[in-house]
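Every value quoted in this text rests on a predicted model; they were computed, and no experiment measured them. Just follow the structure's listing: the first ligand is 1, and inside any ligand the first atom is 1.
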Amino acid sequence: MKFLDLCKVYIRSGQGGKGCTSFRREKFIEYGGPDGGDGGRGGDVWAEAVDGLNTLIDFRYQQHFFAGNGVPGMGRQRTGADGDDIVLRVPVGTEILDEDEETVIADLTELGQRVMLAKGGNGGWGNLHFKTSTNQAPRRANPGQPGVERTIWLRLKLIADVGLLGLPNAGKSTFLAATSNARPKIADYPFTTLHPNLGVVGVDGKEFVVADIPGLIEGAHEGRGLGDLFLGHVERCAVLLHLVDGTSGTLLEDWQTIITEIEAYGEGLADKPRVTVLNKIDALDDEERAFLKEELEATTGGKVMLMSGAAGEGVTEVLRALRGYIDENRLREAPEEDTTWRP
Ligand SMILES: Nc1nc2c(ncn2[C@@H]2O[C@H](COP(=O)(O)OP(=O)(O)OP(=O)(O)O)[C@@H](O)[C@H]2O)c(=O)[nH]1
């Protein structure tokens, strides 16, 4: 069972600071009582679903996360400072699994959702805490509790911003290849090698993820895990891109077949905003283009864009239209300007 994006992370919460053994020492005060303060609490390790991420790629560069240790207590009843918490910032749709890679610790499906993964150790008590009626001068203080160390897995299920629709031969693979292979570092996105029907597409310096929905529907029959994966994609898609082959001779039927399919599928797929594209226009003359566009617009009741994925015509306009539907926060900064698609 392969998942789109999976990485292993080592975390450790902070150790509690140790308690202090100390006695009040001041001029004219004999036998001043115990005044050792408590140690500070160790920092916690949290995970939080944040905006603006759509991969776990950052965890390829950092896998160890340590929260701060608590500071030991001090004399004159001073408590040590608490250790700093640390927060793993993950994309919405990240599942956190235990070391066994099976037990789900948390499923961060909503923006801002947070979960504590390792609690910091309590600080130890200073000797002030141990004073009793029979022992006015305790020499005892506690060590801080140790932090918690554990290995976890992060698994990203939901990543597609755009769902790609179209009958076999509509030109989906050609479009994906043409728009996403401009990225020299595409191998950095682990899921692209695991799942050929996904592409990271750049336009105007921003990136988003396009997934081939029919490919995923087929995948949905392969097993429960993949089915869930598909649902995740569908839920997260901001917009659907429907490619219709302008050279098929059965334009309106082709369009209707897909619409029927997504309506039958349910899960809100048919209610998503849709960009409808008349594809392969390089094979059509001006008259045919105008005729087919008009015909398709009359059927869909909306605007139809013209494109040739193979020749690169109209592609930028389509990408910009898609980008317009995607929340700005969800777009990734393209690594370099020259990774953006161009014909
Ligand atoms: N003339 C022309 N042909 C295209 C264009 N895009 C794709 N094709 C051709 O159409 C055929 C199908 O293209 P694919 O990209 O494989 O179509 P697909 O939708 O991915 O098809 P499946 O993988 O079967 O789902 C191929 O022979 C392509 O060369 C285009 O813009 N213009």
With Tyr10 via ring-ring contact (aromatic ring centres under 6.0 Å, His included) - residues at least two apart: His64
Who else is in Trp125's hydrophobic cluster (ILVMFWY, side-chain heavy atoms under 4.5 Å, direct or via others)? Phe130
Met74: what forms a side chain to side chain contact (heavy atoms under 4.5 Å, CB included) with it, not counting sequence neighbours? Arg78
Taking everything shown except Gln62 itself, do over 12 heavy atoms lie less than 6.0 Å from its CD? yes
Residue pair Ile258 / Leu167: nearest heavy atoms and the distance that separates them: CD1-N, 3.6 Å
Output for ligand 1, non-hydrogen cut-off under 4.0 Å, lists Leu167, Pro168, Asn169, Ala170, Gly171, Lys172, Ser173, Thr174, Asn279, Lys280, Asp282, Ser308, Gly309, Ala310
Rounded to the nearest 0.5 Å, the CG atom of Leu117 sits from the CH2 atom of Trp46 at a distance of 9.0 Å
